[in-house]
Student: 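Dumping the structure here so I can ask a few things about it.
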Amino acid sequence: MTRTYVITGAASGIGATTARLLTERGERVIGIDLRGTDVDADLSTPAGRQEAAAKATELAGGTIDAVIACAGISAPIPATVAVNFFGVTELLEALLPALAGSDAPRAAVVSSMASLQPNSPEIVAAALAGDEATALAEAEKLTAQGPEIGYLVYPSSKRALARWVRRESITPAWAGAGIPLNAVAPGTVLTPMTAGLLATPEGAAMVDASVPMPLNSHQPPESVANLLIWLTSVENTHMAGQVVYDDGGADATLRGDDIWSWADQH
Ligand code: NAI
């Protein structure tokens, strides 16, 4: 039976590729983006998120089977936390009533291997508290110090999103409603987001130094899209709260083989 997917960031990169692959399989896709797809909306604002959810629900006829949230930006500006965290979490929450009508509701979001990088604990804490004004103010403090410090907003937004997924996935709203909620964490994906950085040898060397990818190096958007499609498929009945590092081995390289000893008795 045809499933109805809502995909944010559907006009470019990972979102566009996911939308194309699902459409080729005969599924129904409702795209959300600033422009260029089915629903024009700005996910950096609360009003834009509510409007996006309302229009997508209307286009879907009231029931949505899966939400795949890809929209994001990586610029060293405060809006990065607004789009990457609140533009995902508030939209997902606004779409919960439409997901409730599905026989097999699913949701997946795009975090990043950048969730492992240095970040701002203040931004992460404010985001997880649902306090957008404070998160934006903390981001502003960093971006005012220039792009190198301002870059911290991006890993902060992705760390907070990964933690939100783990926290919320097991609650009555998600697990209790039978909705698997998970995240993917890609490495360096070949999309318009990274094209500028990878265009020069210096830029590529800088990226590769912080995102080591021993398996097959930079990845095509299909490598992420296919995982998002599985996470939101009927077949995913028991995966919840996972942040799946689909990153050419960057996570295993950076964190090493022992990510379990925190739980050992000493
Ligand atoms: P992209 O730039 O090709 O696509 C992002 C899309 O999000 C664009 O169509 C853009 O218009 C949309 N968007 C941005 N701000 C928006 C707003 N305020 N409202 C609505 N839509 C908005 O980038 P890409 O690479 O496809 O990124 C997709 C996701 O993957 C992002 O969340 C990004 O952070 C994440 N990611 C990307 C990686 C990469 O190397 N490209 C690595 C890890 C994560």
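Heads up: numbering here begins at 1 and tracks the sequence. The figures that follow rest on heavy atoms only: side chains count, while hydrogens, waters and symmetry mates do not. Whatever order the structure lists ligands and atoms in, that order sets their numbers, starting from 1. Being a predicted model, the structure only gives us computed values, none of them experimental.
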Student: Side chains of Q117 and Y154 only: does a donor on one sit below 3.5 Å from an acceptor on the other?
Tutor: no
Student: Does T191 approach ligand 1 within less than 4.0 angstrom via side chain, backbone, both or neither, non-hydrogen atoms only?
Tutor: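 Only the side chain of T191 comes within reach of ligand 1.
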Student: Considering A52, A11, G87, C70 one by one, which has a heavy atom nearer to atom 28 (C) of ligand 1 than any of the others?
Tutor: C70
Student: Would you check the N or O atoms of S112, main chain and side chain alike, for any that come under 3.5 Å of an N or O of ligand 1?
Tutor: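 Among all N and O atoms of S112, none is under 3.5 Å from an N or O of ligand 1.
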Student: Would you indicate which of M113, R49, M193 comes nearest to atom 37 (C) of ligand 1 when only heavy atoms are counted?
Tutor: M193
Student: Write out the residue and atom name of the closest protein heavy atom to atom 8 (C) of ligand 1, then the distance separating them to 0.1 Å.
Tutor: D33 OD2, 3.6 Å
Student: Tell me which part of K158 gets within contact of ligand 1: side chain, backbone, both or neither, using heavy atoms under 4.0 Å.
Tutor: side chain
Student: What atoms in ligand 1 come closer than 4.0 Å to a heavy atom of G72?
Tutor: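 Answer, ordered by atom number: 5 (C), 7 (O), 14 (C), 31 (C), 32 (O).
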Student: Would you call R163-E168 a salt bridge at under 4.0 Å N-O?
Tutor: no
Student: Measure from the side-chain N and O atoms of N236 to the backbone N and O of P180, and report whether any donor-acceptor pair falls under 3.5 Å.
Tutor: no
Student: Select one of side chain, backbone, both or neither to describe which atoms of T194 lie under 4.0 Å from any atom of ligand 1, heavy atoms only.
Tutor: side chain
Student: For ligand 1, indicate whether the residue A185 contacts it via side chain, backbone, both or neither (heavy-atom separation under 4.0 Å).
Tutor: neither
Student: Does I14 offer a backbone N or O that forms a donor-acceptor pair with the side chain of T18 under 3.5 Å?
Tutor: yes
Student: Does at least one non-hydrogen atom of T188 fall below 4.0 angstrom from an atom of ligand 1?
Tutor: yes
Student: Please confirm whether S111 comes under 4.0 Å of ligand 1, counting heavy atoms of the residue only.
Tutor: yes
Student: One residue to check: V189. Relative to ligand 1, which of side chain, backbone, both or neither has a non-hydrogen atom less than 4.0 Å away?
Tutor: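 Contact part for V189 vs ligand 1: both backbone and side chain.
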Student: Could you give me the CA-CA distance, side-chain angles and deciding distance for S102 and D65, then say whether side-chain hydrogen bond (donor to acceptor under 3.5 Å, both in side chains) is met?
Tutor: CA-CA 5 Å; S102 171; D65 295 295; 2.6 Å; yes
Student: When you compare the side chains of S115 and Y245, does any donor N or O come within less than 3.5 Å of an acceptor on the partner?
Tutor: yes
Student: Are the side chain of R3 and the backbone of T232 linked by a donor-acceptor contact shorter than 3.5 Å?
Tutor: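 At least one qualifying donor-acceptor pair exists.
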Student: Any side-chain donor-acceptor pair under 3.5 Å between T45 and D42?
Tutor: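 Note: T45 and D42 side chains miss the donor-acceptor criterion.
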Student: Determine, for E132 against R49, whether the closest basic-nitrogen to carboxylate-oxygen distance falls under 4.0 angstrom.
Tutor: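 Yes, charged N to carboxylate O under 4.0 Å.
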Student: Would you mind running through ligand 1 and noting each atom that sits below 4.0 Å from a heavy atom of P186?
Tutor: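 So the atoms of ligand 1 that pass are 43 (C), 44 (C).
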Student: Does ligand 1 have any atom sitting under 4.0 Å from a heavy atom of A69?
Tutor: no
Student: At less than 4.0 angstrom from any non-hydrogen atom of L43, what atoms of ligand 1 do you find?
Tutor: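 Taking each heavy atom of L43 in turn, ligand 1 has 17 (C), 18 (N), 19 (N), 20 (C) under 4.0 Å.
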Student: By number and element, which atoms of ligand 1 are closer than 4.0 Å to a non-hydrogen atom of Y154?
Tutor: 33 (C), 34 (O), 35 (C), 36 (N), 43 (C), 44 (C)
Student: Of the side chain and backbone of V83, name the one, both, or neither that has a heavy atom under 4.0 Å from an atom of ligand 1.
Tutor: side chain
Student: Going by atom types only, do S157 and N84 share a side-chain donor-acceptor pair under 3.5 Å?
Tutor: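 Looking only at side-chain atoms, N84 and S157 do form a donor-acceptor pair, the distance falling under 3.5 Å.
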